[in-house]
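Beneath this line is the structure, given in structure tokens, with notes to follow.
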There are 2 protein chains.
Amino acid sequence: MAEHDTPGRPGRWRSGAESKQRILDTARELFGEHGYGATTVRAIAKAAGVDPAMVFYFFGTKQDLFGAAVDMSGAVPPAIASIFTGGLDTIGERIVRTLVENLDKSGRTPLVMLTRSAPTDARSETLLREFIDREITDRLAALLGTPDATVRAAMVNVQILGLTVARYIMRIEPIASASVDELVERFGPLVQYCLTGPPAA
Amino acid sequence: MAEHDTPGRPGRWRSGAESKQRILDTARELFGEHGYGATTVRAIAKAAGVDPAMVFYFFGTKQDLFGAAVDMSGAVPPAIASIFTGGLDTIGERIVRTLVENLDKSGRTPLVMLTRSAPTDARSETLLREFIDREITDRLAALLGTPDATVRAAMVNVQILGLTVARYIMRIEPIASASVDELVERFGPLVQYCLTGPPAA
DNA sequence: GTCTATAATTAGATAGAC
DNA sequence: GTCTATCTAATTATAGAC
């Protein structure tokens with residue numbers, strides 16, 4: 001994890017920003033692994049090798065720290081953008097591939113953090129809903145343009161949530177240890193079906 | 001389910017069993033609403049109108065209370081049994097209908113309780129995985145009999161988890177306020193596709 | 001059976017020395 | 001900027017009176 005050793009910059013920067021970054025990285029890791037409620041500020045501080053008081057010094061409250069950890073404005077959009085570049089007839093595969101590939105890289109992603117925290121933390125629930133709506137649902141619905149676009153986009157949300165919970169949180173087999181290609185092969189058509197499937201009813 | 005009465009009869013023998021039942025009902029309600037970690041014994045006691053100490057008197061520990069709340073052996077199987085009575089070609093609809101109808105009745109069902117608690121509580125995670133495997137995956141896989149039966153059954157699990165999280169925990173629209181029939185119409189074919197869909201790869 | 005009192009632990013947060 | 005020390009509040013859990 002967080003191999004953020006300071007740059008050997010000449011003159012070496014007075015450590016402040018470095019500690020802050022380490023705290024943030026560690027927070028992402030622990031929040032992603034145990035959720036908001038089950039992660040203590042003390043645990044974060046210990047894992048980051050700093051004093052608990054410093055966490056509050058930099059971030060004010062636990063809630064603010066979580067907000068900072070979840071906010072990856074700029075880091076996520078590019079990945080999601082790739083979903084929308086390409087034909088509508090293969091978008092199912094691209095959604096699944098992008099989702100799984102990004103989440104596999106680390107559990108520190110906002111989606112996992114929020115999905116783990118949402119069930120017991122009202123604020124996380126709101127954040128997650130907004131995140132999904134803004135980054136996925138709205139764009140998908142706009143892309144489709146059909147009358148039932150909203151319902152279809154929501155069905156994709158169900159796939160994303162189900163897949164995230166099954167693979168990264170509950171680790172249900174054989175979903176958890178399947179390869180990216182296997183998942184794309186299985187869930188790609190399923191997501192495609194949600195969007196461009198049969199009768200618009 | 002269980003409408004605790006509180007008989008207005010003055011002088012009624014204070015039945016221990018009644019208090020115990022009230023505690024259990026209240027525990028199911030709160031665990032289902034906030035998950036294991038975010039539900040305190042005190043809150044349960046207060047909502048049940050008894051003393052916190054009594055909760056421990058009856059159930060020993062918080063964990064044991066949760067175990068008792070989650071254990072509905074005998075109450076769930078019958079509902080699930082109805083899924084497996086009927087043709088394989090319409091099982092998708094039956095799965096969705098049975099799931100949604102039962103969960104709509106109350107949030108105190110084991111599935112919702114466990115799904116809400118699993119992300120932050122390791123024991124709940126195990127319980128949920130075992131519950132799903134035993135009650136659904138194993139039976140579905142056995143019913144199919146195909147070589148990829150396990151994967152297909154797991155795909156159904158993803159649907160169930162996704163649907164449960166979206167409708168009952170995160171309350172994503174328009175999934176949350178959709179009618180049972182709408183959901184059956186939308187997700188029935190999807191689940192059916194998981195099980196008896198295209199090429200067995 | 002029910003409740004009071006309390007032990008033991010742990011959480012988030014703050015003040016102030018250095 | 002960093003840490004020691006501490007405050008306050010909440011939690012699970014137990015002992016024992018009635």
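Note on naming: letters A, B, ... go to the chains in the order of the sequence lines (proteins, then strands), and numbering restarts at 1 for each one. These figures come from a predicted structure and were not determined experimentally.
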query: Under the ring-ring contact (aromatic ring centres under 6.0 Å, His included) rule, what pairs show up with a residue in residues 90-137 of chain A, not counting sequence neighbours?
result: none
message: Can you pull out the residues from residues 112-121 of chain B that lie within a 4.0 Å heavy-atom distance of DNA chain D?
response: none
Could you list the protein-to-nucleotides 8-12 of chain C atom pairs, N/O on both sides, closer than 3.5 Å?
unit_1  : atom_1 : unit_2 : atom_2 : d
dG12(C) : OP1    : V41(A) : N      : 3.4
dG12(C) : OP1    : K62(A) : NZ     : 3.1
dG12(C) : OP2    : V41(A) : N      : 3.1
dG12(C) : N7     : R42(A) : NH1    : 2.7
dG12(C) : O6     : R42(A) : NH1    : 3.0

- request: Answer yes when R134(B) and E130(B) have at least one side-chain N-carboxylate O distance shorter than 4.0 Å, and no when they do not.
  value: no
- prompt: Is the closest basic N to carboxylate O distance between R22(A) and E18(A) below 4.0 Å?
  reply: yes
- request: Apply salt bridge (Lys or Arg N to Asp or Glu O under 4.0 Å) to E173(B) and list each qualifying residue two or more places apart in sequence or on a separate chain.
  value: none
task: Determine which pairs satisfy salt bridge (Lys or Arg N to Asp or Glu O under 4.0 Å) with at least one residue from residues 32-47 of chain B, sequence neighbours left out, and list them in order.
output: none
- prompt: Quick one: salt bridge (Lys or Arg N to Asp or Glu O under 4.0 Å) pairs with a partner in residues 50-78 of chain A, sequence neighbours left out?
  reply: none
In whole angstrom, what separates [X]'s [atom1] from [N]'s [atom2]?
X: D51(B); N: dA13(D); atom1: CG; atom2: C1'; value: 12 Å
X: M54(B); N: dA5(C); atom1: CE; atom2: C1'; value: 16 Å
X: F58(A); N: dC3(D); atom1: CZ; atom2: C1'; value: 13 Å
X: L65(B); N: dA13(D); atom1: CG; atom2: C1'; value: 14 Å

message: Measuring to OP1 and OP2 of dG1(C), would you say a side-chain N or O of Y57(B) lies under 4.0 angstrom away?
response: yes
message: OP1 or OP2 of dG1(D) versus the side-chain N and O atoms of S19(A): is any pair under 4.0 Å?
response: no
Quick one: side-chain hydrogen bond (donor to acceptor under 3.5 Å, both in side chains) partners of [X], sequence neighbours excluded?
X: E125(A); value: R129(A)
X: T90(B); value: R94(B)
X: R139(A); value: E135(A)

query: Across the strands shown, which category fits F59(B) at heavy-atom distances under 4.0 angstrom: base, sugar-phosphate, nothing?
result: nothing
I'd like a table of atom pairs between the protein and nucleotides 16-18 of chain C - only N or O on both sides, under 3.5 Å - with the distance next to each one.
none

- request: Can you sort out the partners of F59(B) under ring pair (Phe, Tyr, Trp, His ring centres under 6.0 Å), two or more places apart, ordered by chain and number?
  value: none
- request: Mind checking ring pair (Phe, Tyr, Trp, His ring centres under 6.0 Å) for Y193(B) and listing every partner two or more places apart, or none if nothing turns up?
  value: Y193(A)
